[in-house]
Amino acid sequence: MRVSVIGCGHLGIPHAAAMADLGHEVVGVDVDQAKVDRLNAGECPIYETGLPELLTRHTSSGRLRFTTDIREAAAFAELHFIGVGTPIDADGRSYDTGQVYGAIRQLAPHLDRACTIVGKSTVTVGTTAQVTTLAQRLAPAGERVDVAWNPEFLREGHAVQDTLRPDRIIAGLTTAEAEKQIRAVYAPILDTGVPLFVTDPQTAELAKGAANTFLGLKISYINAVADMCEAADGDISQIVEILGIDPRIGSGGMRPGIGYGGGCLPKDIRAFTASARTLGATEAATLLRAAEKINETRTDVAMGLIARALGERPVKGARVTVWGAAFKPGTNDVRESPALTLARALQQAGAAVTVHDPQAVATAMIRNPELHYTDDLPASLDGAGLVVLATEWPEYQQANPQALVDRPAKPLLIDCRTTLDPEPWRAAGWTVHQLGRPAK
């Protein structure tokens with residue numbers, strides 16, 4: 001098929017590259033000429049595991065190209081994916097869908113033949129119906145323009161994998177032709193047995209918010225239990241294992257730490273909470289808001305653990321290394337990153353902070369230029385008396401604790417992601433503290 005992807009960011013670039021990998025001819029559209037030039041040169045402006053290789057392969061083959069001319073995309077493609085950003089609105093609780101409607105207003109006047117618009121951006125329930133009305137009013141093709149909503153369920157850091165090998169595909173639509181187009185574009189994936197859920201648009205819109213909010217609830221729940229373990233001198237890692245054996249629960253997503261971040265979970269949970277209030281589901285809104293509050297306190301919890309580990313030594317004046325700037329491993333996305341929030345809190349408390357990250361130093365420097373950064377792992381420890389693991393990159397899990405600091409006095413290590421096996425570090429002379437686990 002001939003496909004366009006409108007919006008080339010954390011959603012659009014992986015989706016465009018993946019569609020090319022499935023065998024489609026793809027044109028990506030973005031308003032940023034400099035970004036388009038980089039993409040056409042095979043240079044990836046974001047980091048996602050496996051994405052640079054996929055982008056280079058398909059821009060070189062000619063199957064994938066990028067443009068700033070939306071008229072070119074309208075003339076070229078029979079199916080148009082909308083992957084623009086929907087950041088949180090000025091009210092802090094709902095989506096700003098301005099880019100979605102802006103994309104439709106630019107695209108639709110050039111649609112003079114039957115086609116399908118497929119929204120992938122996360123939106124408020126009811127958006128598909130409004131977009132359909134707008135697109136059909138502006139398009140010369142009128143009602144021959146179908147609109148479907150196909151929400152993404154991508155884990156940042158795994159966007160390529162989750163696009164090419166998803167666990168499910170959801171299509172909210174109202175016409176048989178739109179379903180035919182969805183089945184055609186995803187045929188190579190569906191042929192492997194991946195289930196397709198065909199729903200009405202409002203169910204598809206709610207499904208995305210429901211999925212991300214449940215993940216947030218799960219993370220907040222296990223963090224609340226980790227706080228109980230701190231108070232009772234219990235071991236959260238054993239509780240996770242005990243709970244995870246229960247098939248009704250499962251351990252996936254139950255890693256205690258300093259909370260969730262990124263461009264999806266925080267805004268989706270805020271917007272879903274707001275939708276619950278709007279729909280009159282006040283008890284649901286109360287439950288969801290409680291999960292948000294737990295997440296909002298995680299920096300304070302981590303600072304408390306750091307203070308206890310330091311004992312009588314103050315945070316002020318301490319030389320601290322924070323391992324991690326990205327909100328999670330596998331990406332250079334630092335939006336609402338708990339790691340950077342904690343680094344800022346340490347600096348505001350008077351510590352001299354150095355931040356290390358294997359991929360996100362450049363993006364972190366733009367967002368938080370007041371912090372000091374390095375992408376050299378051993379050098380990040382120079383002079384450090386305290387190391388705080390804030391993003392669970394495999395580079396930290398695989399590091400050699402003896403080789404990192406070959407001196408008698410090892411820094412304190414605070415594992416705020418409960419991701420390390422502490423025993424090799426302790427055997428090498430490090431003192432390790434982990435959230436929700438007793439100090440040894």
Side-chain angles (χ1 to χ4, degrees), residues 2-21 24-77 79-88 96-107 110 117-122 152 154 156-160 162-163 262-264 267 325-327 330-337 357 359-369 375:
R2 288 187 165 187
V3 172
S4 81
V5 179
I6 315 298
C8 296
H10 284 274
L11 168 58
I13 298 173
H15 192 73
M19 291 301 100
D21 205 55
H24 304 301
E25 295 181 67
V26 184
V27 57
V29 182
D30 199 272
V31 297
D32 186 337
Q33 183 66 60
K35 181 192 289 184
V36 164
D37 291 343
R38 287 187 65 189
L39 289 166
N40 279 324
E43 298 176 12
C44 194
I46 63 171
Y47 180 78
E48 276 283 339
T49 303
L51 181 57
E53 297 83 358
L54 208 63
L55 183 67
T56 299
R57 183 186 315 151
H58 294 300
T59 52
S60 297
S61 72
R63 192 179 291 169
L64 173 61
R65 58 191 171 85
F66 298 88
T67 182
T68 58
D69 188 353
I70 204 164
R71 292 171 298 180
E72 179 183 346
F76 171 81
L79 187 147
H80 304 278
F81 285 105
I82 305 296
V84 296
T86 51
I88 210 70
D96 179 352
T97 53
Q99 292 183 56
V100 172
Y101 289 102
I104 296 300
R105 289 190 179 94
Q106 293 178 48
L107 175 67
H110 306 292
I117 297 172
V118 182
K120 294 203 67 68
S121 306
T122 306
E152 52 86 11
L154 307 182
E156 286 200 54
H158 302 272
V160 171
D162 289 348
T163 303
C264 294
K267 71 168 185 173
F327 85 94
T331 178
N332 66 345
D333 192 351
V334 297
R335 289 174 292 177
E336 300 206 38
S337 168
D357 192 283
Q359 293 293 339
V361 165
T363 50
M365 287 179 71
I366 294 170
R367 190 164 291 254
N368 292 104
D375 55 10

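Closest heavy-atom contact between A18 and L54: N-CD2, 4.0 Å. In terms of heavy atoms, T56 sits closest to G42 at OG1-O, 3.4 Å. In terms of heavy-atom proximity, R335 sits nearest to G263 at CZ-CA, 3.6 Å. Between V29 and A73, the closest heavy-atom pair is CG2-CB, 3.5 Å. Counting all heavy atoms, side chain and backbone alike, V5 lies closest to V26 at CG2-CG1, 4.2 Å. Taking every heavy atom of both residues into account, F76 and V3 meet most closely at CE2-O, 3.8 Å.
For the pair N40 (side chain) and F66 (backbone), a donor-acceptor distance under 3.5 Å is present. With hydrogens and angles ignored, the 3.5 Å screen pairs no side-chain donor or acceptor of T363 with any backbone N or O of V334. For E336 (side chain) and G262 (main-chain N/O), no donor-acceptor pair under 3.5 Å exists by modelled atom type. Under a 3.5 Å cut-off, the side chain of K35 and the backbone N or O of P45 do not form any donor-acceptor pair. Under the 3.5 Å distance criterion, the side-chain polar atoms of E156 are left unmatched by any main-chain donor or acceptor of T331.
You'll find the side chain of L39 reaches within 4.5 Å of the side chain of L55, heavy atoms only. Residues V160 and T49 fail the side-chain proximity criterion, which asks for heavy atoms closer than 4.5 Å. Contact of the R367 side chain with the S337 side chain is not registered, since no non-hydrogen atoms from C-beta on lie closer than 4.5 Å. In this structure the side chain of D37 never reaches within 4.5 angstrom of the side chain of E43, judged on heavy atoms. Counting heavy atoms from C-beta on, the side chains of H15 and L154 never come closer than 4.5 Å. With contacts defined as side-chain heavy-atom distances shorter than 4.5 Å, the pair T122/E152 qualifies.
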Do Q99 and I6 pass the side chain to side chain contact (heavy atoms under 4.5 Å, CB included) test, and can you show the C-alpha distance, the side-chain angles, and the key distance before you say yes or no? CA-CA 10 Å; Q99 292 183 56; I6 315 298; over 6 Å; no
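With rounding to the nearest 0.5 angstrom, the NE2 atom of H110 is 12.0 Å from the CD atom of E72. For the atom pair CZ of R38 and CG of D30, the computed distance is 12.0 Å after rounding to the nearest 0.5 Å. One finds the CD1 atom of I46 at 5.0 Å from the NE2 atom of H10 (value rounded to the nearest 0.5 Å). From T163, atom OG1 reaches atom CG of L51 across 9.5 Å, with rounding to the nearest 0.5 Å. Taken from CD in E25 to CE in M19, the straight-line distance is 14.5 Å, to the nearest 0.5 Å.
With hydrogens and angles left out, the side-chain atoms of S4 and H80 include a donor and acceptor closer than 3.5 Å.
For residues 3-21, the set of pairs meeting the salt bridge (charged side-chain N to carboxylate O under 4.0 Å, His left out) definition, not counting sequence neighbours, comprises D21-R57.
Considering only residues two or more places apart in sequence or on other chains, R2 meets the salt bridge (charged side-chain N to carboxylate O under 4.0 Å, His left out) condition with none of them.
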